[in-house]
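Take a look at the structure below.
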Amino acid sequence: MARRKSRSRQFKKSSRIIDMDEARQQRLEKREQAQEEELRERTASDERKLKRKRALRKKQSRRRLIVLAVCAALVLFLCLSVFNILKLKSEEREALKKQEQLKAKQEQMEEELKDVDKEENIEDLAREKLKLTKPGETIYIPESEEK
């Protein structure tokens with residue numbers, strides 16, 4: 001109640017006439033200004049939120065890019081390793097084939113070595129390579145073999 005009395009006293013002291021339409025208009029303008037300020041604050045906070053979201057998206061996209069790059073590097077490393085393994089296995093197969101061929105050649109040469117000591121083989125080699133003959137034999141050499 002004390003407020004009402006003080007207001008009315010102030011009103012009596014001011015002795016001015018209040019236009020109701022004008023007072024309404026002023027109140028409306030004050031409300032509109034308050035709403036505009038609130039809207040500005042909201043848009044400012046919304047802008048901050050948008051900036052935060054954009055920054056977060058940027059971070060996430062960087063992380064994704066880094067993870068993708070690491071995965072790509074791992075896949076590349078894995079592919080190179082598999083390629084190297086396959087290459088080494090093919091080389092191993094070739095080496096085993098060559099080893100088998102050499103073993104076969106070794107066995108053949110060992111058999112020839114056993115046969116070298118036989119008298120018949122020595123005689124054949126002497127006739128072919130050294131052109132030796134037995135007493136009373138004549139060697140005929142065709143012309144095509146002379147050259």
Side-chain angles (χ1 to χ4, degrees), residues 1-4 6-7 10-11 14 16 18-147:
M1 278 236 335
R3 280 187 166 179
R4 277 191 174 178
S6 67
R7 284 185 188 168
Q10 286 175 354
F11 180 70
S14 69
R16 68 175 200 190
I18 297 176
D19 185 15
M20 293 300 278
D21 290 333
E22 189 178 315
R24 283 186 193 134
Q25 188 65 32
Q26 287 175 356
R27 276 185 275 146
L28 257 172
E29 287 175 4
K30 283 183 182 178
R31 283 183 193 156
E32 286 176 359
Q33 286 177 357
Q35 286 177 353
E36 286 177 8
E37 278 187 41
E38 188 179 324
L39 183 62
R40 283 186 208 134
E41 288 176 12
R42 282 184 187 171
T43 55
S45 67
D46 288 346
E47 285 178 22
R48 281 185 240 127
K49 287 179 184 176
L50 283 174
K51 285 180 181 178
R52 286 182 196 151
K53 284 183 181 179
R54 287 178 188 153
L56 183 63
R57 285 181 191 155
K58 210 173 193 181
K59 274 186 179 180
Q60 288 175 345
S61 66
R62 283 184 200 150
R63 285 180 187 161
R64 286 180 187 154
L65 185 63
I66 290 171
V67 167
L68 184 64
V70 168
C71 288
L74 287 174
V75 167
L76 180 66
F77 178 73
L78 183 66
C79 289
L80 290 175
S81 297
V82 168
F83 177 74
N84 193 20
I85 289 170
L86 293 175
K87 182 180 171 186
L88 290 172
K89 283 192 177 193
S90 84
E91 288 178 6
E92 181 185 23
R93 276 188 244 118
E94 290 175 13
L96 288 173
K97 284 180 185 177
K98 191 171 183 180
Q99 183 182 14
E100 288 176 12
Q101 290 173 352
L102 290 173
K103 281 184 180 180
K105 188 174 180 180
Q106 181 183 10
E107 289 175 4
Q108 180 187 1
M109 292 178 92
E110 285 176 356
E111 287 181 22
E112 285 180 14
L113 184 62
K114 289 177 186 175
D115 291 341
V116 167
D117 290 338
K118 294 182 181 176
E119 233 177 85
E120 299 166 355
N121 290 334
I122 293 173
E123 185 179 325
D124 289 338
L125 286 173
R127 287 178 181 257
E128 285 179 24
K129 303 257 176 173
L130 302 174
K131 309 285 187 205
L132 296 176
T133 60
K134 289 184 179 180
E137 286 184 344
T138 309
I139 296 179
Y140 294 102
I141 303 174
E143 289 182 15
S144 61
E145 287 185 17
E146 284 182 7
K147 295 179 183 178

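- Atom CD of E120 has 12 or fewer neighbouring heavy atoms from other residues, nucleotides or ligands inside a 6.0 Å radius.
- Under the side-chain contact (heavy atoms from CB on, under 4.5 Å) rule, Q108 has a single partner from E111, E112, Q106, which is E112.
- R93 places a side-chain heavy atom less than 4.5 Å from the side chain of K89.
- One finds the CZ atom of R40 at 12.5 Å from the CD atom of E47 (value rounded to the nearest 0.5 Å).
- With rounding to the nearest 0.5 angstrom, the CG atom of L28 is 12.0 Å from the NZ atom of K30.
- Note that CD of Q60 is 12.0 Å distant from NZ of K53, once rounded to the nearest 0.5 Å.
- Ion pairing between K103 and E107 fails under the 4.0 Å rule for side-chain N and carboxylate O.
- Note: R24 CZ to R27 CZ = 7.0 Å, rounded to the nearest 0.5 Å.
- Contact check for Q99 versus L102: no side-chain heavy atoms found under the 4.5 Å cut-off.
- Annotation: the span from C79 atom SG to L74 atom CG amounts to 11.0 Å, rounded to 0.5 Å.
- Counting heavy atoms of neighbouring residues, nucleotides and ligands inside a 6.0 Å radius, atom CD of E91 exceeds 12 of them.
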request  = Please assess E123 against E119 for the test side-chain contact (heavy atoms from CB on, under 4.5 Å), listing each intermediate value before the final yes or no.
outcome  = CA-CA 6 Å; E123 185 179 325; E119 233 177 85; 5.8 Å; no

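- In this structure, E38 CD and Q35 CD are separated by 7.5 Å, a value rounded to the nearest 0.5 Å.
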